[in-house]
Amino acid sequence: MELAIVDLTPYLAIRDQGGSPAEAEEEKLAALCAAVSGSLRETGALLVKDPRCSAEDNDRFIDMMERYFECPDSFKRLQERPHLHYQVGVTPEGVEVPRSLVDEHMQEKVLKMPELFRPTTPKGPDPKWRYMWRVGPRPSITRFQELNSEPVIPEGFPDWKETMDSWGLKMISAIEAVAEMAAIGFGLSKDAFTSLMKQGPHLLAPTGSDLQYHGVEGTVFAGYHYDLNFLTIHGRSRFPGLNIWLRNGQKVEVKVPVGCLLIQTGKQLEWLTGGECLAGMHEVVVTSRTLEAIEQARQQNRSLWRVSSTLFAHIASDATLKPLGHFADAPLAANYPTMFAGEYVEQELSAINLKGKKSPS
């Protein structure tokens, strides 16, 4: 199955020109918004083209992250901040535990799946590195200080901040357009989601997986899990291996075309829609297609680090999570009690071994 590809250009053009769109444009807009909300509801994923996010932007970002992940482990660990729940700086391999290893309910669901659609069972914590870089403004006063900490910049990368901020802000712009279109498609006000995203703890969070040492078919880099944030967006990786699960339980290997971005639903969107959208399940595994890409990279003398160009867009930590508008009357709305978004995030980080002890004062 091919995921829907939505070109954001017409929406952006109509939105940015201001005023009321002509009738023909309004119909086109409604169809686009319905395609976005429908895809998020039915598949938990969506491919978009955004004229503001080019393949060259993505390549520049991945080039820098390959250089970083190729650095010695001892250097990378200088950017490790466990006392801040690994929400800034680097998370070394072997720290993050896949949700499917600690969630009994999820394990029961996996056992009931047809064998063809089951995820690959991880052997332990994920053998991937990740770098967390906060993007955009943060609140000066918040109940959740660890989720809104200052960024960490590694030495020897003079273009780090500009490259991270540039790519991160472009991807947030794409997320905001999709969030507006989804809200319209769901029959909510255009800013129903984006108003809650303001000053959210958005994280540009590229992963680095060393295919030279872990490039064996079946190796699980990111075990079967959902994302705890609002929407996740990825640029195209140079090595395949991402599998997602559709709402009907079907497992699909994702192929992101050049120049496209992949968007997935997170748990906060599930909350705000009262379960109308479900957080998309996914994993990253070394497949036969990954092995082909590894061989090609070897022949071309390219890096063997698989970098994911991932950004987690969040609802603001001090904003309230609850089913919005008509979703408050959804059949499963009672499963999504009112709470602060930051409170929910901290619960999730504890479950996957990322919420460490606070540093001594």
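Keep in mind that what you see is a predicted model, and the values were worked out from it rather than measured. All residue numbers in this chain count up from 1 along the given sequence.
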Point to revise | Partner residues of Lys161 under the salt bridge (charged side-chain N to carboxylate O under 4.0 Å, His left out) criterion, sequence neighbours left out | key: Asp165

Review point. Who else is in Val285's hydrophobic cluster (ILVMFWY, side-chain heavy atoms under 4.5 Å, direct or via others)?
Key: Val220

Exercise for review: Taking all heavy atoms of Cys71 and all of Phe157, pick out the closest pair and write down the distance.
Suggested key: SG-CZ, 4.0 Å

Practice item. Consider only side-chain N and O atoms of Thr207 and Ser308, and report whether a donor and an acceptor are under 3.5 Å apart. Key: yes

Point to revise | Side-chain heavy atoms of Ser237 within contact of Val256, under 4.5 Å | key: no

Study note, to complete from the structure: Residues pairing under side-chain hydrogen bond (donor to acceptor under 3.5 Å, both in side chains) where one sits in residues 104-116, two or more places apart or in two chains, turn out to be none

Exercise for review: Could you tell me whether a side-chain N or O of Arg138 sits under 3.5 Å from a main-chain N or O of Val135, the two making a donor and an acceptor?
Suggested key: yes

Practice item. Without swapping roles, check the side chain of Thr273 against the backbone of Leu269 for a donor-acceptor pair under 3.5 Å. Key: yes

Review point. Residues in salt bridge (charged side-chain N to carboxylate O under 4.0 Å, His left out) with Arg130, at least two apart?
Key: Glu96

Revision key, fill the gap. Applied to residues 326-336, the salt bridge (Lys or Arg N to Asp or Glu O under 4.0 Å) test, sequence neighbours excluded, yields none

Practice item. Report the distance from atom CD of Gln264 to atom CG of Leu46, rounding to the nearest 0.5 Å. Key: 10.5 Å

Point to revise | Flag side-chain contact, heavy atom, 4.5 Å: Leu78 against Pro154 | key: no

Check your understanding: Between Ala279 and Gly266, what is the shortest heavy-atom contact and its length?
Key -> CB-C, 3.7 Å

**Study point:** Polar side chain donor-acceptor pair, Glu70 to Ser303, under 3.5 angstrom
**Key:** yes

Study note, to complete from the structure: For Ile5 and Cys260, the nearest pair of non-hydrogen atoms, with its separation, is CG2-SG, 4.2 Å

Exercise for review: Would you name the heavy atoms of Leu324 and Leu188 that are closest together and state the gap between them?
Suggested key: O-CD2, 4.2 Å

Check your understanding: So, does Trp133 use its side chain to make a donor-acceptor pair with the main chain of Trp160 at under 3.5 Å?
Key -> no

Review point. Can you check whether Thr9 reaches Leu12 side chain to side chain, under 4.5 Å on heavy atoms?
Key: no

Check your understanding: Can you tell me how far CD1 of Ile175 sits from CD1 of Ile233, rounded to the nearest 0.5 angstrom?
Key -> 4.5 Å

Review point. Distance from Glu348 atom CD to Leu228 atom CG, nearest 0.5 Å?
Key: 5.5 Å

Check your understanding: If you look at every heavy atom in Val345 and Gln268, which pair is closest and at what distance?
Key -> CG2-NE2, 3.5 Å

Exercise for review: Test Tyr131 against every option in Trp305, Tyr86, Tyr68 by the ring pair (Phe, Tyr, Trp, His ring centres under 6.0 Å) rule and name the one that passes.
Suggested key: Tyr68

**Study point:** Side chains of Phe312 and His314 in contact at under 4.5 Å (non-hydrogen atoms)
**Key:** yes

Review point. Is a side-chain donor or acceptor of Thr43 paired with a backbone partner of Ser39 at a separation under 3.5 angstrom?
Key: yes

Point to revise | Ser37 (side chain) donor-acceptor with Ala34 (main chain) under 3.5 angstrom | key: yes

Check your understanding: Is there a donor-acceptor contact under 3.5 Å from the side chain of Thr338 to the main chain of Lys322?
Key -> no

**Study point:** Cys277 SG to Leu272 CG distance, which is reported to the nearest 0.5 Å
**Key:** 10.0 Å

Point to revise | Same apolar cluster (I L V M F W Y, side chains within < 4.5 Å links), Trp245/Leu116 | key: yes

Point to revise | salt bridge (Lys or Arg N to Asp or Glu O under 4.0 Å) contacts touching residues 264-283 (sequence neighbours left out) | key: Arg41-Glu276, Lys251-Glu283, Lys267-Glu270

Exercise for review: Mind listing the closest non-hydrogen atom pair of Leu278 and Gly275 along with its distance?
Suggested key: CD2-O, 3.7 Å

Practice item. Taking salt bridge (charged side-chain N to carboxylate O under 4.0 Å, His left out) as the test, write out the residues that go with Asp7, two or more places apart. Key: none

Check your understanding: Which residue pairs pass the salt bridge (Lys or Arg N to Asp or Glu O under 4.0 Å) test when at least one of the two sits in residues 51-60, sequence neighbours left out?
Key -> Asp50-Arg52, Asp57-Lys170, Asp59-Arg238, Arg60-Glu162

**Study point:** Euclidean distance, Thr265 OG1 relative to Leu231 CG, rounded to 0.5 Å
**Key:** 7.5 Å

**Study point:** Thr320 side chain vs Phe340 backbone, donor-acceptor pair below 3.5 Å
**Key:** no

Exercise for review: Can you tell me which residue pairs pass the ring-ring contact (aromatic ring centres under 6.0 Å, His included) test with a partner in residues 189-208, sequence neighbours excluded?
Suggested key: Phe193-Phe230

Review point. Is the closest side-chain donor-acceptor distance between Thr290 and Thr287 under 3.5 Å?
Key: yes

**Study point:** Non-hydrogen side-chain atoms of Leu29 and Glu25 separated by less than 4.5 Å
**Key:** no

Exercise for review: For side chain to side chain donor-acceptor pair (under 3.5 Å), just list the numbers for His282 and Asp227, CA-CA rounded to whole Å, side-chain angles, deciding distance to a tenth of an Å, and then say yes or no.
Suggested key: CA-CA 9 Å; His282 51 285; Asp227 290 341; 3.3 Å; yes

**Study point:** Donor-acceptor contact present, side-chain Glu253 to main-chain Asn243, <3.5 Å
**Key:** no

Exercise for review: Let me see the working for Tyr336 and Trp271 under ring pair (Phe, Tyr, Trp, His ring centres under 6.0 Å), right down to the final yes or no.
Suggested key: CA-CA 6 Å; Tyr336 302 93; Trp271 216 277; 5.3 Å; yes

Exercise for review: Verify side chain to side chain contact (heavy atoms under 4.5 Å, CB included) between Thr310 and Thr232, making sure each step is shown before the conclusion.
Suggested key: CA-CA 7 Å; Thr310 301; Thr232 301; 3.7 Å; yes

Check your understanding: Do the ring planes of Phe221 and His214 sit parallel (below 30°), tilted (30 to 60°) or perpendicular (above 60°)?
Key -> perpendicular

Review point. Restricting to pairs with a member in residues 172-196, which pass side-chain hydrogen bond (donor to acceptor under 3.5 Å, both in side chains), not counting sequence neighbours?
Key: Tyr11-Glu180, Arg15-Glu180, Ser189-Asp191

Review point. Going from CG on Asp318 to CZ on Arg143, what distance comes out if it is rounded to the nearest 0.5 angstrom?
Key: 5.0 Å

Review point. Do the non-hydrogen side-chain atoms of Ile315 and Asn229 ever get within less than 4.5 Å of each other?
Key: no

Check your understanding: Are any side-chain N or O atoms of Lys49 and backbone N or O atoms of Gly259, one a donor and one an acceptor, separated by less than 3.5 Å?
Key -> no

Check your understanding: Would you say Arg306's side chain and Phe239's backbone share a donor-acceptor pair under 3.5 angstrom?
Key -> yes

Check your understanding: If we only count heavy atoms from C-beta on, is the Leu262 to Arg236 side-chain gap below 4.5 Å?
Key -> no

Check your understanding: For residues Tyr213 and Glu93, is any side-chain donor paired with an opposing acceptor at under 3.5 Å?
Key -> no

Practice item. Please identify each residue that fulfils salt bridge (charged side-chain N to carboxylate O under 4.0 Å, His left out) with Asp159, with sequence neighbours left out. Key: Arg67

Check your understanding: So do the side chains of Leu291 and Val286 get within less than 4.5 Å of each other, counting heavy atoms only?
Key -> yes

**Study point:** Summary of salt bridge (Lys or Arg N to Asp or Glu O under 4.0 Å) pairs that have at least one residue in residues 79-89, sequence neighbours excluded
**Key:** Arg77-Glu80

